[in-house]
Amino acid sequence: MPELPEAERARAVIQDRALGRRIAAVDDADVWVCRPHAPGEIAAALTGATLTDAHRRGKMLWVDTDRGPVLGLHLGMSGVIDVDAEPAAGSWDRFALEFDDGGRLALRDKRRLGRVILDPDLARLGPDAADATRAEFRRRVGRGSAPVKARLMDQSVIAGVGNLLADEILWRARISPLRPAGDLDPDELDGLRRSVRAAVRDSIRRGGSHTGELNPHRVRGGICPRCGTPLVRSTVGGRTTFWCPSCQPGAG
DNA sequence: ACCTATGTTGATAC
DNA sequence: GGTATCAACATAGG
């Protein structure tokens, strides 16, 4: 269920349960998930190293090692990090570190849209959605003719907002997902930023991007939990989108 | 059976 | 460059 909240949970799991452990072996045989690395390449870089720190920006995770190489992890659409879980049949382990204490860190990902990459390039990733300053947020988000929802989900603009979180954020901010981002005035952008921070904070606390107030109503026939108006369902920024035409007026 | 749907991102074309 | 579309993966459901 990976958006920012799930990535943060995964980072915390790595931090709490995997740091300080030494890598005895690496399973990097899945050439799709580990692309563009050849099988054995990640293993060669990491075997013998100890995990020293776990970081996150948006949905991107990376783990430092005492040997230098950095292990980049992305959960994609269905990935989960498991520490010390048995690799049962059907558990969809696509990558794993085996520690010299007998434990194991695995990327479990049925759909294989997750990613493992050495020394990930973070240059094209915007600031974490919850860390952008007001000025930075106004400047980065409040431009362009694309719908504001697409702008929020663009990881090079701000990092971490996915489809469910975007709908929740816009609903909280009472802004239509269809409004061209560049048409928002500074007050609206400040309000949008407040909603981003509040939605991110709440979803991390409650345990995921599916825990928003709007989410249970994000179904055909759903109504606005604030005013009872039937929600509109459409495609915005290429993704299924629900919003309240009464609370979130504007284009559409 | 066939079509749609699903939390992501990247490549590609205009 | 910005924007829109499709493809990559695997599965579920009408």
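Here the structure is a predicted model, which is why all the values come from computation and not from measurement. We name chains A, B, ... by the order of the sequence lines, and we start the count at 1 in each one.
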Do Arg22(A) and Asp100(A) meet the salt-bridge criterion of a basic N to acidic O distance under 4.0 Å? yes
Take atom CH2 of Trp32(A) and atom P of dA10(C), then tell me their distance rounded to the nearest Å. 9 Å
In whole Å, what is the span from the CG atom of Asn215(A) to the P atom of dT6(B)? 12 Å
At under 4.0 Å between heavy atoms, what does Arg108(A) touch on the DNA or RNA strands: base, sugar-phosphate, or nothing? nothing
When you measure from the centre of the six-membered ring of Trp171(A), is the NZ or CZ of Arg226(A) closer than 6.0 Å and no more than 45° off the axis? yes
OP1, OP2 of dT3(C) versus side-chain N and O of Ser145(A): anything below 4.0 Å? yes
Looking at the side chain of Lys59(A), which of dA8(C), dT6(B), dT9(B) is the nearest nucleotide? dT9(B)
Using the P atoms only, state how far dT4(B) lies from dC6(C), rounded to an integer number of Å. 12 Å
When all nucleic acid strands are considered with a 4.0 Å heavy-atom cut-off, which category describes Arg151(A): base, sugar-phosphate, or nothing? sugar-phosphate
d(CG, Leu164(A); P, dT8(B)) in whole Å: 7 Å
Using OP1 and OP2 only, check whether a side-chain N or O of Lys110(A) sits under 4.0 Å from dC9(C). no
Is any NZ, NE, NH1 or NH2 atom of the basic residue among Arg193(A) and Asp190(A) found under 4.0 Å from an Asp or Glu carboxylate oxygen of the other? no
Does the side chain of Thr240(A) get closer than 4.0 angstrom to OP1 or OP2 of dT6(B) through an N or O atom? yes
So for Arg111(A) and dC9(C), does any side-chain atom that can act as donor or acceptor lie under 3.5 Å from a complementary atom in the base? yes
Taking only side-chain N and O atoms of His210(A), does any of them lie within less than 4.0 angstrom of OP1 or OP2 on dG7(B)? no
Whole-angstrom distance between dA7(C) and dC3(B), as gauged at atom P: 15 Å
Any ion pair linking Lys149(A) and Asp167(A) (charged N to carboxylate O, less than 4.0 Å)? yes
Tell me which nucleotide, if any, is Watson-Crick or G-U wobble paired with dC9(C) when both distances must be under 3.5 Å. none
Leu122(A) CG to dT9(B) P: how many Å, rounded? 13 Å
What interatomic distance, in whole Å, is found between P of dA12(C) and the corresponding atom of dT9(B)? 24 Å
Mind checking whether Leu75(A) and Leu71(A) sit in one hydrophobic cluster, side chains of I, L, V, M, F, W, Y counted as touching below 4.5 Å? yes
Phosphate OP1/OP2 of dG7(B): any Arg9(A) side-chain N/O under 4.0 Å: no
In whole angstrom, what separates Leu75(A)'s CG from dT8(B)'s C1'? 10 Å
Candidates dA4(C), dG7(B), dC9(C) - which lies nearest the side chain of Asn163(A): dG7(B)
Nearest-Å distance, CZ (Arg115(A)) to P (dC9(C))? 13 Å
Starting at atom CZ of Arg112(A), determine the distance to atom C1' of dG7(B), rounded to an integer number of angstrom. 19 Å
When rounded to whole Å, the CZ to P distance for the pair Arg140(A) and dG1(C) reads 15 Å
Taking the minimum atom-to-atom distance to the side chain of Trp92(A), which one of dC9(C), dT11(C), dA5(B) wins? dT11(C)
Can you identify which nucleotide, out of dG10(B), dT8(B), dT9(B), has its nearest atom closest to the Arg124(A) side chain? dG10(B)
Choosing from dC9(C), dT6(B), dG7(B), which nucleotide comes nearest the side chain of Arg239(A)? dG7(B)
Salt bridge between Glu8(A) and Arg11(A), side-chain N to carboxylate O under 4.0 Å? yes
